[in-house]
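Below you'll find the structure I mean.
Naming convention: chains lettered A, B, ... in sequence-line order (proteins, then strands); numbering from 1 in each chain.
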Amino acid sequence: MKLAVFVSDFKLTYDTLDRLKADKLGIIFVANGVYHATTKENGEASSLLNKTLNLYALSEDIQTRGMKDADVDKRVRVVNYSDVVDLIFNEYDKLAWI
Amino acid sequence: MKLAVFVSDFKLTYDTLDRLKADKLGIIFVANGVYHATTKENGEASSLLNKTLNLYALSEDIQTRGMKDADVDKRVRVVNYSDVVDLIFNEYDKLAWI
Amino acid sequence: MGDVKLAFVVQKPQYKGETSRLAITHAIAYQTVEILLEDGDTVTPTLCFVGEGVLGLQKGQKAMDLYEVTSTETHLKNCLLVDLDVLVCKEDLAKYGISEDMMPDAEDMGADKKIKVAPFSEIQKAMEDAKHILFF
Amino acid sequence: MGDVKLAFVVQKPQYKGETSRLAITHAIAYQTVEILLEDGDTVTPTLCFVGEGVLGLQKGQKAMDLYEVTSTETHLKNCLLVDLDVLVCKEDLAKYGISEDMMPDAEDMGADKKIKVAPFSEIQKAMEDAKHILFF
Amino acid sequence: MATLTVGCFPGLIGNMSYDFVVKLAGAAVNKGHKVNIWFAGNAAGSVKAHQKHLKDYSTGEKHLKALIEKGVEICTCEACTVARGIQKPEGIEKIQWNAMHWYLAKIHASDRVLQIGGE
Amino acid sequence: MATLTVGCFPGLIGNMSYDFVVKLAGAAVNKGHKVNIWFAGNAAGSVKAHQKHLKDYSTGEKHLKALIEKGVEICTCEACTVARGIQKPEGIEKIQWNAMHWYLAKIHASDRVLQIGGE
């Protein structure tokens with residue numbers, strides 16, 4: 001399956017994402033999830049950035065929090081709402097919000 | 001200070017409790033916090049049970065979740081709402097809910 | 001379109017927010033959806049509990065007596081009565097020391113269906129077989 | 001009763017739930033509470049941010065432009081304008097790589113008060129000095 | 001006899017923290033204490049009158065009315081409430097509506113304060 | 001043109017997930033897609049009409065009305081809503097009220113489904 005997972009929080013109490021397998025996995029950082037893409041903890045980037053090559057972060061939610069697209073880890077593609085719609089319909093067939 | 005901390009969740013994303021100091025610290029497990037008193041994770045009891053000798057768990061919330069007072073770790077005193085009122089007014093002077 | 005399979009994956013614990021409880025009641029609603037569908041169309045959810053979602057599934061819950069609210073146990077029994085597939089993650093039950101016999105069945109209500117303790121791989125399979133995945 | 005000191009401790013991040021935002025607006029309300037108190041009575045909150053609570057305090061927030069909702073930055077500026085003590089945990093800022101100059105001030109609005117970066121020990125002290133502690 | 005003020009931010013349903021507040025207030029009043037309750041955040045939505053008590057859902061109305069009868073003062077954050085579309089005439093009778101300073105004023109006169117943050 | 005059904009459980013205010021749903025639905029409709037939105041849990045409280053849009057709080061009403069004008073179908077879980085004391089005549093016009101099977105029926109006819117759990 002081609003699965004896009006929306007990550008909406010920074011600190012997660014779930015390990016579901018660690019165990020999930022998909023032929024194509026995308027992670028879309030939204031809401032406070034964008035901190036995974038912008039913020040290091042004790043100098044270390046979020047381990048989620050190693051889960052897949054298909055990483056996206058929502059520009060509107062980065063800017064809402066006072067950060068800039070330039071603050072985003074190089075591995076992550078900055079997208080807007082319109083891009084998210086295209087990802088949903090064109091790149092993935094199943095969606096999960098965690 | 002004499003501080004009673006209400007712990008209302010099992011998995012915590014805060015480390016505040018680890019850093020807090022009090023002359024007398026009490027931890028009152030309520031809501032899903034009662035799992036700290038009843039449930040081991042990979043065979044290990046919650047580390048919160050080592051924080052203080054003054055540990056309490058709310059009987060009503062244990063029973064709501066299908067567990068029994070007998071399932072509670074021996075270090076934890078099972079209390080009811082009436083006991084909690086007495087703890088609040090007689091044993092502690094400040095309260096925190098995390 | 002015929003049957004549409006869904007995987008309902010509950011990762012949040014019961015009695016914390018409303019989400020994990022609504023997962024169960026939404027799954028049960030599969031039984032009445034036919035009034036809104038064309039003849040021959042159906043929806044088949046598989047209800048899966050993983051992670052902290054396996055907490056709050058134990059039998060003997062006194063939620064109605066103590067808080068006047070339907071217990072998760074009652075909702076689970078209703079699932080079994082309407083013949084829903086309920087999978088509970090084996091590894092996570094083991095992690096929290098919850099044994100199979102601590103979970104409810106609905107034999108007293110005449111249900112043959114039982115909660116199935118399943119390895120995560122079987123839950124992964126349910127997600128792969130489903131057209132849509134819903135995380136709760 | 002005179003002055004009652006309070007420690008407001010914000011441990012939840014902004015823009016997730018309403019709690020961490022309401023902590024700020026409730027603290028600001030200290031300015032108008034005198035209409036409900038006897039002469040000479042006051043309430044003095046110290047607003048402390050710890051853990052994930054230090055996230056969402058950076059300047060340049062576009063919440064109003066993008067979501068039509070007042071930013072936390074604006075709320076923080078209002079705190080400084082009404083002369084509230086705002087302490088942000090130094091260790092937690094370091095942990096998340098947020099430097100002091102990334103946080104807003106309210107100089108442009110004429111406030112002398114600034115956000116104070118303080119070690120956790122100072123926040124602990126604020127809790128000890130307070131009559132009541134409120135966790136948000 | 002002492003005074004407890006509780007700030008309650010979580011919503012009425014699902015999160016059992018709201019139920020905790022109701023039960024704790026009842027227990028405190030029954031022991032002769034004075035209790036004040038402040039609702040803000042999602043809890044402010046719970047002052048709407050005519051809640052239907054379905055068994056699947058917690059309810060606030062009947063419990064709040066009973067607490068008020070026993071002398072508990074309950075107040076909702078007016079801004080939080082109107083932002084949710086609920087106007088004062090639609091609210092449960094005898095619940096007060098005020099600004100956030102109501103909470104601070106009650107805290108000023110309290111022996112104990114329990115602030116319960118929301119979801 | 002394809003169909004997206006979104007299940008939205010988080011409350012209107014504070015949690016920005018609700019705002020996400022509104023924005024995503026708008027973006028999808030603007031690209032010619034069909035969108036359905038199902039509200040349950042705290043989100044069900046957001047169908048109350050006459051929300052005052054204070055700047056400190058997110059608002060749903062004007063955005064939902066705009067989405068409905070663009071052809072988005074929005075339905076609230078009736079049980080979740082009446083449990084919060086909100087009756088249908090008090091709701092925002094043209095929002096549908098139905099049981100949980102409405103959501104399942106929309107899912108049946110959808111190309112994509114995004115279920116957003118609540119607090």
For K5(D), does the NZ atom sit with more than 12 other heavy atoms under 6.0 Å from it, leaving out its own atoms?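 12 or below, so no.
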Roughly how far, to the nearest 0.5 Å, is CZ of R112(E) from NE2 of H132(D)?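 Interatomic distance, H132(D) NE2 to R112(E) CZ, rounded to 0.5 Å: 8.0 Å.
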Looking at D3(D), D41(D), T25(D), which has the largest count of heavy-atom pairs under 4.5 Å with chain E?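 Ranked by contacts with chain E, first place is D41(D).
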Take the angle between the ring planes of H26(D) and Y103(E) and call it parallel below 30°, perpendicular above 60°, tilted in between.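 Geometry flag for Y103(E) against H26(D): perpendicular rings.
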Please rank N42(E), I116(E), L104(E) by heavy-atom pairs under 4.5 Å with chain D and give me the top one.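 So the answer, after comparing N42(E), I116(E), L104(E), is L104(E).
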Looking only at atom types and distance, does a side-chain atom of K131(D) sit under 3.5 Å from a main-chain N or O of I107(E), one as donor and one as acceptor?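 Such a contact is absent between K131(D) side chain and I107(E) backbone.
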Does NZ in K114(D) sit with more than 12 non-hydrogen atoms of other residues, nucleotides or ligands closer than 6.0 Å?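 Result for NZ/K114(D): enclosed.
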Crowded around K59(D) NZ? As in, over 12 foreign heavy atoms under 6.0 Å?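 It does: K59(D) NZ has more than 12 such atoms within range.
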Can you tell which part of L114(E) gets under 4.5 Å to a heavy atom of chain D, answering side chain, backbone, both or neither?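 Contact with chain D involves no heavy atom of L114(E) at all.
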For side-chain contact (heavy atoms from CB on, under 4.5 Å), just list the numbers for L22(D) and M100(E), CA-CA rounded to whole Å, side-chain angles, deciding distance to a tenth of an Å, and then say yes or no. CA-CA 9 Å; L22(D) 289 170; M100(E) 295 176 186; 3.8 Å; yes
For L134(D), is it the side chain, the backbone, both or neither that has a heavy atom under 4.5 Å from a heavy atom of chain E?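 Its backbone and side chain both get close to chain E.
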Which atom names give the shortest non-hydrogen contact between Q115(E) and F135(D), and what distance separates them?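 It is CG-O, 3.3 Å.
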Among C80(E), P10(E), G7(E), S110(E), single out the residue with the greatest number of heavy-atom pairs under 4.5 Å to chain D.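 Heavy-atom pairs under 4.5 Å are most numerous for S110(E).
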Quick check on K95(D): does its NZ atom have over 12 non-hydrogen neighbours (other residues, nucleotides or ligands) under 6.0 Å away?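 Count over threshold, so yes.
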Using a 6.0 Å cut-off, check whether atom CG of D112(D) has over 12 heavy atoms from anything other than its own residue.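 No - once you tally the heavy atoms of other residues, nucleotides and ligands closer than 6.0 Å, there are 12 at most.
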Return yes when atom CD of Q87(E) has more than 12 non-hydrogen atoms of other residues, nucleotides or ligands closer than 6.0 Å, and no otherwise.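 For Q87(E), atom CD is crowded (more than 12 foreign heavy atoms under 6.0 Å).
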Heavy-atom distance under 4.5 Å to chain E: side chain of K12(D), backbone, both or neither?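 Interface part for K12(D): side chain.
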For the interface with chain E, which of V43(D), I133(D), T32(D) has the highest count of heavy-atom pairs at distances below 4.5 Å?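 Ranked by contacts with chain E, first place is T32(D).
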Interatomic distance, H101(E) atom NE2 to Q31(D) atom CD [nearest 0.5 angstrom]: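 Rounded to the nearest 0.5 Å, the NE2-CD separation comes to 11.5 Å.
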Residue part contacting chain D, namely of C77(E), when any heavy atom lies under 4.5 Å: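 It is neither, since no heavy atom gets under 4.5 Å.
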Chain E heavy atoms under 4.5 Å from T42(D): which part of the residue, side chain, backbone, both or neither?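 It is the backbone, since no side chain atom gets that close.
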In this structure, are over 12 heavy atoms from other groups packed under 6.0 Å from K34(E) atom NZ?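 Counting other residues, nucleotides and ligands, NZ of K34(E) exceeds 12 neighbours.
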Quick check on K113(D): does its NZ atom have over 12 non-hydrogen neighbours (other residues, nucleotides or ligands) under 6.0 Å away?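 More than 12 heavy atoms, drawn from other residues, nucleotides or ligands, come within 6.0 Å of this atom.
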Structural part of I35(D) lying under 4.5 Å from a heavy atom of chain E: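 Answer is side chain: those atoms of I35(D) sit under 4.5 Å from chain E.
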Show your working on side-chain contact (heavy atoms from CB on, under 4.5 Å) between V33(D) and H108(E) and close with a plain yes or no. CA-CA 10 Å; V33(D) 69; H108(E) 189 277; over 6 Å; no
